[in-house]
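A quick write-up on the structure given underneath.
Bear in mind the structure is a predicted one, so any value in this text is a computation, not a measurement.
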Protein chains: 2
Amino acid sequence: MEYKKELERLISDLKTNYLPSVSMDLVIFGFHDGQLKVLLLRWKETDDWCLPGGRIRHEENLETAAYRSLRERTGLSELFLQQFHTFGDVIRYKNYSREETLTKLGLPDEALKEFASRDVSVGYYALVEFAGVTPTPDFFAAECRWWDINQIPLLLFDHNDMITLALKTLRRQLSYQPIGYNLLPDKFTMPDLQQLYETILGQPLDRRNFQKRMLGYGILERLDERKTGGAHKAPYLYRFSKEKYEKALADEILFVG
Amino acid sequence: MEYKKELERLISDLKTNYLPSVSMDLVIFGFHDGQLKVLLLRWKETDDWCLPGGRIRHEENLETAAYRSLRERTGLSELFLQQFHTFGDVIRYKNYSREETLTKLGLPDEALKEFASRDVSVGYYALVEFAGVTPTPDFFAAECRWWDINQIPLLLFDHNDMITLALKTLRRQLSYQPIGYNLLPDKFTMPDLQQLYETILGQPLDRRNFQKRMLGYGILERLDERKTGGAHKAPYLYRFSKEKYEKALADEILFVG
DNA sequence: CCAAAAGTGTTGTAAGTACACCCATGC
DNA sequence: GCATGGGTGTACTTACAACACTTTTGG
C-alpha cells in the first residue's frame, strides 16, 4: 500500500532528523474581503481541523524551522513571523478527549506511538498576503484552506486557545508598532489599510485620526497614482517604505532569536 | 569516586525521566539595597557563571517544571513567574566558543554527550522576595548567589542576551500592569515601591505622580501603621490587596498555559 | 534648630478623540 | 443629479509630566 509505505518513511525520517519532544504550531493570518482569515488543515478521513505545525531539524534553528514550515504551507517566503508563546501542558486535548482525538487522527498503531507522545510546542503567528498564498496540505491533511476568524470550528488539541492568544498578541502589537507590510499587496489605499486594522482589532476607527496616525509613523509613501475602477472618488495609492518600516520594527523588537 | 557515581545516576535519571531536546532557563530577579539582582550559578572548578535552568519531566507541565526549578534554587514557592521567549538557535554559544565552553564545563566525556547536545530552551523570568530566598546550588554548581544587574559578568552560552530580553520584557510589562507583589515584603512604604520601580526601569520617577498612579490602580491598602526607626518623617505602610492585585493581573494576562 | 525624607494639589502639555464639509465618480 | 465613499482640519478632552511647600523625625 502506497500510503503505508510513505507513512513508514515519514516516521523514520522524523525519528532520525528531527528533535524529539519539541514542535511548532503556526497561526497564519491572512486578510481578504474585509475579513481576517486563518489557515487550517483538515485531517485525512475526518471532518476535524487543526493548525498547521512543524518540527525542528537537528541542525536547524527554531526560527528557520518556522519559516520553512510556513513556506511549505503557503508557498511564501516573504512574511512577518513572530513567536508568541510556548505551550507545554502535558494534556493539550481540549475540545475532545485523548481517546477521541487519537481515533479522529485515524493513524495506524505504529504511527500513533510517535504522534500521541507529549510535545512542548512553540507557537508562532504569521501575517501573510492572502492573494499570494497557495494553501498546501501536508501528508496527513486532506485539505488546507482559509477560515474566517469568526467561524473557526472546534479544533483538535488546544488550537482554539492558541488562535485566541495569537490574536490577542497581534492586537497588542498593533498598538505599539506598525503592521501591514506582509498582509497587503504592494500598493494599497488608506481605506484598505484602515479596514485591515479594523478587522484585526474588531472595531471601527475614525478615518481622519487613522490617516494622521499612519502618516505620522513616517513609513508610508503616497504615490501619484489613484486606484481607479471603484464606484466612487478614486483614493490615493500608498506603498510601505521598506527601509523605514524595517527600522520601525527594529526599534521595537530587540531581537528575535 | 562519589562524584562520578552521582553523575552517572543523574545522567541516567535525565535520560529516563525528562524530555529530551527541551530545557528551561530562569532569570530570577530579586530586589535588595536599591539594586536589582539576578541569581546566577557558578560551575564547579571554574570561574564561569550562568543562569539556573531546569528540565521537564515526562508527566509534568512546562510551567510546573519552571515552578519546581525555581523552588529548588530559591526555596520559595510564592512568586511571580512569566515566560518571555523560547530560544532555539542551534549555536547558543556566544561569549565563548563551543570548545571553550565544553572545557569550562569540565565534565567527563560520557556526560558531555548529554550536555553538549542541542536544546530548545524556554526562558522564564521570576520576581522573588530577596529576603526570603536561600540560594541553593545544584549538583553541577559550586556556588549560587545574587549578582547586581549592572555587574553581570560574561556568562556561558547566550545567557547575557537572555537577561537583557527578560529585563526588557519586565520593563514593558511594568507599563501595563502592576508588579511588586512578589518582590517586596508584606508591608512596605510608598518610597520602597517607588525605588523598586526606579530600579527596574533604571530611571528616577516623580514621587507625587508615582503615588497617584499606584493608588489609581486600586490594588494598595494603606495601613494605619507607619514605618518607624528611620531617621526622618515616618512613611505610611501599605499592603497589596491580594484579590485586587490578582484581578489586575488576570485582566491583562489571558492565560498562562 | 537643622538636615533629610515624606505627605500632599495644581498647572501645563501633548497625545488622542470627536466631529463636518467639500469633492470625485459611477450609475 | 444623486448616492457613496474619499480627502482634509480644528476644537475638545484626557492622561501624563512638571513642579514647591509644609510636616515630621533624629541627631
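Residues A:E243 and A:K247 are not paired through a salt bridge, judged by the lack of any N-O separation under 4.0 Å between the basic side chain and the carboxylate. Using a 4.0 Å cut-off between a side-chain N of Lys or Arg and a carboxylate O of Asp or Glu, B:D158 and B:R92 qualify as a salt bridge.
No side-chain donor from either of B:D161 and B:T164 sits under 3.5 Å from a side-chain acceptor of the other.
Computed from coordinates, the A:F210 CZ to D:dG6 P distance equals 12 Å when rounded to whole Å. Protein atom CE of A:M190 is 8 Å distant from nucleotide atom P of D:dG7, rounded to whole Å. For the pair B:Y236 OH and C:dA5 C1', the interatomic distance rounds to 15 Å; values are reported in whole Å. The nearest whole Å value for the distance from the CG atom in A:D206 to the P atom in D:dC12 is 17 Å. Rounded to a whole Å, the CG atom of A:L193 is 13 Å from the P atom of D:dG6.
The base of C:dA4 sits within donor-acceptor range of the side chain of B:H232, with an N or O pair under 3.5 Å. In terms of polar N and O atoms assigned as donor or acceptor, the side chain of A:R213 never comes within less than 3.5 Å of the base of C:dG16 in a complementary pairing. Side-chain to base pairing of A:K212 with D:dT10: one donor and one acceptor N or O lie within less than 3.5 Å of each other. Side-chain atoms of A:R208 come within donor-acceptor range of the base of C:dA20, with a qualifying N/O pair under 3.5 Å.
With C:dA6, D:dA18, D:dG6 as the candidates, the nucleotide lying closest to the side chain of B:N209 is D:dA18. Comparing C:dA24, D:dC19, D:dT8 by their closest approach to the side chain of A:Q211 singles out D:dT8.
For the OP1/OP2 pair of D:dC21 and a distance below 4.0 Å, the side-chain nitrogens and oxygens of B:R207 include no atom meeting the criterion.
For A:Y217 and A:Y245, the ring centers sit 6.0 Å or farther from each other.
Nearer to the 5' terminus of DNA chain D, by closest-nucleotide assignment, is the contact made by A:A234 (compared with the other of A:A234 and B:R226).
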